[in-house]
Structure formats: structure tokens, C-alpha cells
Amino acid sequence: MFEVFENELNNLQSILVQVKNASLDFLENIAEKPTYIADQAVPVADLADAGIGASGSLEVFRKHYEKLMVASPGPRYWGFVTGGATPAAIAGDWLTAVYDQNTQSTQGAGDVSAILEKETIGLLCQLLHLPEDFNGGFVTGATMSNFTGLAVARQWAGERSGRDVSREGVSGDLVVMAATPHSSVVKSLGMLGIGSNNVVRIQALEGREAMDLTDFEQKLMDNQHRPVVVNCSAGTVNTVDFDDIKAIVALKKKYTFWLHIDAAFGGFAACLPSQRHLLAGWEQADSITIDCHKWMNVPYDSAVSLVRKEHSRLQVSTFQNSNAPYLGDPSENFSYLNFLPENSRRFRALPAWFSLTAYGRNGFEWIVRNSIARAEEFGAYIQSSEHFELLAPVRLNVVCFRLKSGHEKMPVFLDRLNRREKVFMTPTLLSGESAIRAAFVNYRTRKEDILIAIREMEEVLQTL
Ligand SMILES: *Cc1c(COP(=O)(O)O)cnc(C)c1O
């Protein structure tokens with residue numbers, strides 16, 4: 001063996017201890033780490049002939065790059081919809097690299113990670129009160145989960161027009177409808193050759209992001225002779241608005257359409273008895289998107305795609321990986337190779353398995369409840385402030401607000417706030433109006449963090 005690798009293996013113990021120590025340094029001080037890095041000049045060097053080994057690289061990384069790592073797993077990173085990483089999830093993620101399984105098949109791959117992945121999906125469905133009616137698999141994020149659900153929807157739609165889309169390519173028949181789809185749904189339509197411009201926009205209710213059911217039904221009537229795919233939002237990112245799933249499902253009795261539910265983070269509302277009604281009827285969906293790297297607080301690279309088992313044949317037609325004989329018959333030998341976009345992939349279920357096993361129903365119920373409590377506290381401040389106003393009622397875990405007057409100062413306000421490195425929020429547009437969002441997703445966020453953020457905001461106001 002090349003001497004370098006011989007040395008690395010001999011030093012494995014000390015390498016992993018150094019990594020453990022680096023991890024602890026970061027995580028134990030996460031609340032004090034900056035939520036914003038102004039100086040983004042990243043040092044670059046040429047590739048050396050002789051490397052410096054794992055310990056050497058760790059040392060260089062810590063010296064020059066570690067300070068560039070933003071505290072996104074910390075308690076005051078409220079931009080986008082950013083989850084943290086619980087200890088169990090980190091343990092599972094670290095071990096995913098250690099075990100380095102290639103999750104593919106439940107039979108014959110000499111590797112049982114696919115079986116454990118199915119078990120993890122089962123646990124997740126129990127947490128979210130979903131029946132065992134879905135084939136589930138882990139993908140990189142909600143974008144790929146939306147892509148997967150919509151890809152099978154496209155196959156379904158093709159079949160209704162007598163076309164095998166995965167083999168013959170797309171035709172222009174399919175109609176996709178949505179009121180306020182996430183940008184990743186629109187992106188997925190582009191990737192699927194359906195076209196990102198080809199979303200029939202269902203009107204939203206007055207002052208809401210949820211669909212107007214009268215307009216929806218009218219559009220279903222107008223398109224009765226074409227295959228229709230409906231994207232339903234179960235939690236919009238700006239105001240956590242939910243389409244009325246129960247009413248949409250009821251329309252399935254009268255009209256034929258594929259129902260895809262993007263419940264990337266909103267699906268976790270099902271953990272709380274008091275919020276479960278928001279998802280009533282979702283078990284009737286054809287496909288569902290759930291993100292684990294958001295409200296589940298699993299590190300990035302984790303989402304689940306759920307597609308009804310009755311569509312297994314369509315799912316396999318969509319994702320069948322050539323006809324290589326070693327793959328076996330997809331109907332007899334369940335293989336993720338034939339159910340999801342990727343072939344070789346990491347044992348992505350492991351961090352979620354650790355989390356579900358470590359924290360159970362009570363743990364996730366607490367995380368969701370905690371985030372909602374924080375959003376309500378922050379929302380109450382906005383509402384009572386003479387300088388800010390809410391742009392929507394606080395629903396679940398997102399506060400969408402703006403300056404009451406001087407709207408043109410919003411970008412400056414947000415930039416100054418973020419540059420103070422104590423709290424991070426992101427800008428957005430709501431009905432064309434510029435707004436700021438604070439999303440509460442991380443289990444670490446405490447009441448004190450809300451107070452810190454308020455103090456920072458008040459100080460920035462003084463500078464405007
Ligand atoms: C975050 C999000 C997505 C995209 O998820 P990624 O994990 O970033 O790919 C899709 N839909 C909704 C509702 C989201 O919140």
C-alpha cells in the first residue's frame with residue numbers, strides 16, 4: 001500500500017479524535033458563532049503533488065476555513081427554512097460515512113441498508129400518522145422529492161394519453177395546476193421537460209396563498225379531457241399557508257387528477273394533535289414530499305419521497321435502471337435503483353433512523369411545539385412594535401413582516417441586521433411586496449434568542 005495510506009490507517013484513532021474535538025469546538029460554541037460571514041474571501045491553493053494527510057488537512061481547514069462556517073445549525077439562523085442537527089442525527093450522519101453502504105436493493109445486494117431504509121420510512125410514517133400505503137425512499141432534499149413525485153405523475157399522465165413517457169418522451173398533453181407552488185416544483189417541471197412556464201395558476205384566496213377552490217374546480221372542469229396533475233402546498237414558505245387538502249381530495253371523487261402534496265416542512269404539523277387537521281386527507285395523495293433536513297433537524301442531504309404503492313408499476317416505469325439482468329425483476333426484488341432518480345447513493349436513512357429512535361413521538365412533538373412557540377413570541381413582538389407590521393398572521397413557524405413605513409429601507413435594514421452576525425433572516429416577496437421572513441425550525445432556539453434578535457433589530461432601527 002502507498003505509504004501515505006498506510007500511515008493514515010495507522011493513525012485512524014488520532015484522526016478521528018481530532019475530528020471529534022473539532023466537532024465539539026464548533027457545536028459547543030454554536031450560539032456564539034456568527035450567523036453571517038461578511039468576508040467571503042476563500043483562500044485557494046494549487047493541488048499539491050504530495051498531500052499533507054488527514055490531520056494536516058484538518059489543521060489547515062481549521063486555520064483558514066473553519067471561521068468561514070456560518071452558524072446555520074445554531075439557534076438564531078432564521079433564514080430560508082433551516083433546520084439544525086440533533087446529536088442523534090449527527091451520530092447517524094457521521095456513521096453513514098463510516099459504514100459507507102450503497103443503498104440499493106432489499107435482496108441480493110449483499111447490503112441490508114435498503115431494508116433499514118424501508119424501516120425508517122415506516123417509522124417516519126408512524127410519526128406523521130400516514131398509513132402504510134406508500135413506497136418511500138430517501139432523496140437529497142425536497143426538490144428531488146418533488147421531482148420524483150412529479151416524474152411518476154408525468155408517467156401516469158402519459159399513460160392516460162396512451163404514451164409511455166419514460167421511453168417515448170414527453171408530449172404536450174399534461175396540465176399542471178397549483179396556487180402557490182414552491183420554486184422547486186417549478187424547477188422540477190423544467191427538469192422533467194414539462195416546462196417551468198407550464199403551470200396553470202389557480203387563484204389564491206383573498207389575502208392568502210392557499211388555492212381558491214371555486215377557481216380550482218372551474219379549471220378541473222375546463223381540462224376534463226386532459227390528464228391533470230395538481231400540486232398542493234402543505235405549508236408555503238412565506239406564510240405557512242395550507243391548501244385545503246380535505247376539500248381537494250373530495251374533488252377526486254368527481255374528477256380524475258394526480259395529487260402531489262409538497263409538505264416539505266409543513267408535514268411535521270401532523271406531529272401535533274392540535275395542528276393535524278391541516279393535513280387531514282393527505283393520506284389520499286398520490287405522492288408526498290417530506291424534508292428531513294428542515295423540521296426533523298437532520299443534517300442536509302435528507303428528504304423522503306412517498307408515492308402510493310398502487311402506482312408502483314408507474315414508478316418503476318419512470319425510474320427503471322436499464323434492463324441489466326443483475327438488477328432482477330423490479331416487481332419481485334424491490335430495488336431503490338428502480339424507484340428513485342439515483343443509482344448508487346449513501347445510506348441516507350441512517351441519520352433519520354437515529355433521530356426517530358432517539359427522540360420518538362414526544363421528541364418531535366416538542367420540536368414542532370417549541371418552534372411554534374418561538375414564532376408566536378417573535379410575531380407578538382412584531383405586532384406590538386410601532387416600527388414593524390406582520391404581512392400575514394403567524395401560522396405555525398414562520399413570521400413574515402416588514403417595516404411599517406419607509407419600505408424602501410427594508411434591504412438596508414436587513415443587510416445591517418444580518419451583518420451584525422447575531423441573527424440571520426432572508427428577504428422575500430409576498431404578492432409583489434418586499435418582506436422579511438424569520439423561520440423557526442431549529443430545536444436549539446430558546447426564548448432568550450428571540451430577545452437577542454429583538455435587541456439587535458431595535459439597535460439597527462436607530463441607524464436607519
Ligand atoms: C425547502 C422546500 C422545498 C425545497 O427543498 P430542498 O430541501 O431545498 O430541496 C420544497 N418545498 C417546500 C415547501 C420547501 O419548504
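Atoms within a ligand are numbered from 1 in the order they appear, just like the ligands themselves.
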**Q.** Flag for R395-T239: side-chain donor and acceptor within less than 3.5 Å
**A.** yes
**Q.** Subset of ligand 1 atoms that lie under 4.0 Å from at least one heavy atom of T143
**A.** 4 (C), 5 (O), 6 (P), 9 (O)
Q: Run down the list K187, H182, K294 and name the one with the heavy atom closest to atom 15 (O) of ligand 1.
A: K294
**Q.** Contact atoms of ligand 1, heavy-atom distance to F265 under 4.0 Å
**A.** 15 (O)
Q: Kindly confirm or rule out an N or O of A142 lying under 3.5 angstrom from an N or O of ligand 1.
A: yes
Q: Verify the distance criterion only: is there a donor paired with an acceptor across the side chains of T236 and D241 at less than 3.5 Å?
A: no
(Q) Assess, by modelled atom type and distance only, whether the side chains of N338 and Q315 contain a donor and an acceptor separated by less than 3.5 Å. (A) no
Q) Given D262, V398, I290, which one has a non-hydrogen atom that is nearest to atom 13 (C) of ligand 1? A) D262
Q | Between S113 and D111, a side-chain donor and acceptor under 3.5 Å | A | yes
Q. Taking the side chain as C-beta and beyond, is there a heavy-atom pair between F147 and S184 under 4.5 Å?
A. no
Q: Any atoms of ligand 1 less than 4.0 Å from a non-hydrogen atom of G235? List them with their elements.
A: 13 (C)
Q: Using a strict 4.0 Å cut-off to heavy atoms of A264, name the atoms of ligand 1 that fall inside it.
A: 2 (C), 11 (N), 12 (C), 13 (C), 14 (C), 15 (O)
Q: Assess M144 for proximity to ligand 1: is some non-hydrogen atom of it under 4.0 Å away?
A: no
Q. By number and element, which atoms of ligand 1 are closer than 4.0 Å to a non-hydrogen atom of D291?
A. 1 (C), 5 (O), 6 (P), 7 (O)
(Q) Ring centroids only, cut at 6.0 angstrom: are F257 and F216 within range, meaning strictly under it? (A) yes
Q. Do S335 and Q104 have side-chain atoms, one donor and one acceptor, less than 3.5 Å apart?
A. no
Q. Which one holds for T236 and ligand 1: side chain close, backbone close, both close, or neither close, with close meaning a heavy atom under 4.0 Å?
A. neither
